[in-house]
There are 2 protein chains.
Amino acid sequence: MKPFGKLSSEKQARIVNASISEFSEKDYETASMNSVVNQAGISKGSLFNYFKTKNILYNHIYKLALGEVKNYLRNVRDKTADFPFDERLSKIVDSGIKFITEHPRLARIYFRLVYSGDSPNRDKIVNELQSMSEDYLGNIVQDAMNRGELNPNLDKAQSVFFLDAVLNRFLKEYHEAMNHGSQNAFNKDEWGKGITKFFTKGLS
Amino acid sequence: MKPFGKLSSEKQARIVNASISEFSEKDYETASMNSVVNQAGISKGSLFNYFKTKNILYNHIYKLALGEVKNYLRNVRDKTADFPFDERLSKIVDSGIKFITEHPRLARIYFRLVYSGDSPNRDKIVNELQSMSEDYLGNIVQDAMNRGELNPNLDKAQSVFFLDAVLNRFLKEYHEAMNHGSQNAFNKDEWGKGITKFFTKGLS
DNA sequence: ATGTAAATTGACCAGGTGGTCAAATTAATA
DNA sequence: TATTAATTTGACCACCTGGTCAATTTACAT
């Protein structure tokens, strides 16, 4: 068993928590192992005993973040499997907002990973995410096409791309607005409606 | 006159060129003044004589990059003022691709600025960009609405947001695909058509 | 050619980085 | 309790950072 797994769950939590804070506040290169160590209240040697390198620690954390994101997505997809396209889209937006609100630090790590350039293995990870998203949104679009809710001659790849672009951008802006305290910048419901209307029309 | 302005234009070009390389390859924190100095073939003291801090040098460079971007945008907007919406949109995509192809390093600095988190004054700059884009795309949407090409009851802010999201994301992906050598990832014409079709329909 | 002013240099500084490892502490075994 | 094994520690290392400044080189005026 890996040394980190042997630790008391309280200590594990402390370390994970400190790491999440650090990697969400600074990008990979700028994030500091010393800072993690101080926040977690352990010694430097210990941290490097649990995680041999900064890279490995980062991998541990981002997988954690991504796992949570995937959970959310899987959840909303399955729970809305029988809903029509527009309601489904609306729920996706809602759950995205919910995730961001409940896990702002994990969301930050996610956005940093997707939009910033210097995480290790960034290309591989982003490719993974891309194909995950294609899969996810692709299924939803396909379902809607099968039901006759969307134009059956759609270029699916492009449609998914548009969806992904708008959804991600919206959530990113929402996340940033949230972190800057300007709560009124986005009216959730209004924007949710706007997005679903725009896509049901654009892809019809 | 500032010391940098007194330099021979050849030397100025060398320094600007080295700085563009550095800031396009690494993000602000990671970019190294030592590296700029070596690439430019001047001494460290000189560089800090021309630009008192890293921050000031970065500002000089990003303003340069942004100026070029604005030039391109202004150009295409004015030259297509009388075109219908779909042709206009198509030209915007084309000119974006052209810019990226001709100035890949400046494009990289632009994307890094917009999507990454650690440039100095990032918030201020991004706000500036946002209102610039709102202005730019807002005008184009407004023109089309006035001409009766788009639904006159559109929520303009949202429409502009969608346009901005998709255009930026597309150009970013195109830029990344280009830099990774995979030229066939995007068929320019096909995607240009797809984008215009999607928006003319979605906003009609 | 000489003196002076301006431009250029690079050794140097304090401070930070990821990572190491002998030594000290704690836990487990007998 | 005495011995051994596992865990934890933090001083330390080489390296890099942005930035400084006395000293040297260059340019120019007389």
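The figures that follow rest on heavy atoms only: side chains count, while hydrogens, waters and symmetry mates do not. Here the structure is a predicted model, which means the values were calculated and not measured. Every chain is numbered from 1, with letters handed out A, B, ... down the list of sequences.
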**Message:** Does C:dT17 have its OP1 or OP2 closer than 4.0 Å to a side-chain nitrogen or oxygen of A:Asn34?
**Reply:** yes
**Length of the line joining B:Met33:CE and C:dG10:C1', which is rounded to integer Å** = 16 Å
**Between P of D:dA6 and CG of A:Leu7, the distance in whole Å** = 16 Å
**Asked** Which sits closer to the 5' end of DNA chain C, A:Ser32 or A:Ser46, going by the nucleotide each is nearest to?
**Response** A:Ser32
**Message:** Tell me whether the NZ or CZ atom of A:Lys172 lies within the 45° cone about the ring axis of A:Tyr115 and under 6.0 Å from its centre.
**Reply:** yes
**Message:** As a test of reading the structure: which of C:dG19, C:dT9, D:dG10 is closest to the side chain of A:Ser43, going by heavy atoms?
**Reply:** D:dG10
**Asked** To the nearest Å, how far apart are B:Glu22 CD and D:dT17 P?
**Response** 9 Å
**Request:** May I have the distance from A:Ile56 (atom CD1) to C:dG18 (atom C1'), rounded to whole angstrom?
**Result:** 13 Å
**Request:** Would you please name every residue forming a salt bridge (Lys or Arg N to Asp or Glu O under 4.0 Å) with B:Arg88, sequence neighbours left out?
**Result:** B:Asp143
**Item:** side-chain N/O A:Tyr50 vs D:dT8 OP1/OP2, d < 4.0 Å
**Value:** yes
**Request:** Would you indicate which nucleotide in D:dT20, D:dT9, C:dT8 comes nearest to any side-chain atom of A:Ile42?
**Result:** D:dT9
**Request:** Indicate yes or no: does A:Glu22 engage A:Lys26 in a salt bridge with an N to O separation below 4.0 Å.
**Result:** yes
**Prompt:** Could you state the NZ-C1' distance from A:Lys11 to D:dT9, rounded to the nearest angstrom?
**Reply:** 11 Å
**Request:** Report yes if a side-chain nitrogen or oxygen of B:Lys44 is closer than 4.0 Å to either non-bridging phosphate oxygen (OP1 or OP2) of C:dA11; otherwise report no.
**Result:** no
**Asked** What is the nucleic acid contact for B:Phe51, judged by heavy atoms within less than 4.0 Å: base, sugar-phosphate only, or nothing?
**Response** nothing
**Prompt:** Where does the angle between the aromatic ring planes of B:His175 and B:Phe111 fall among parallel (under 30°), tilted (30 to 60°) and perpendicular (over 60°)?
**Reply:** tilted
**Asked** Can you find an N or O donor on one side and an acceptor on the other, under 3.5 Å apart, linking the side chain of B:Lys52 with the base of D:dG19?
**Response** no
**B:Leu47 CG - C:dG10 P separation (whole Å)** = 14 Å
**Prompt:** What's the CD-P distance between B:Glu29 and C:dT17, to the nearest Å?
**Reply:** 11 Å
**Asked** With a non-hydrogen cut-off below 4.0 angstrom, is B:Lys54 in contact with a base, only sugar-phosphate, or nothing?
**Response** sugar-phosphate
**Message:** Without decimals, in angstroms, what is the distance between A:Phe48 CZ and D:dC13 P?
**Reply:** 17 Å
**Prompt:** Would you call B:Glu176-A:Arg122 a salt bridge at under 4.0 Å N-O?
**Reply:** yes
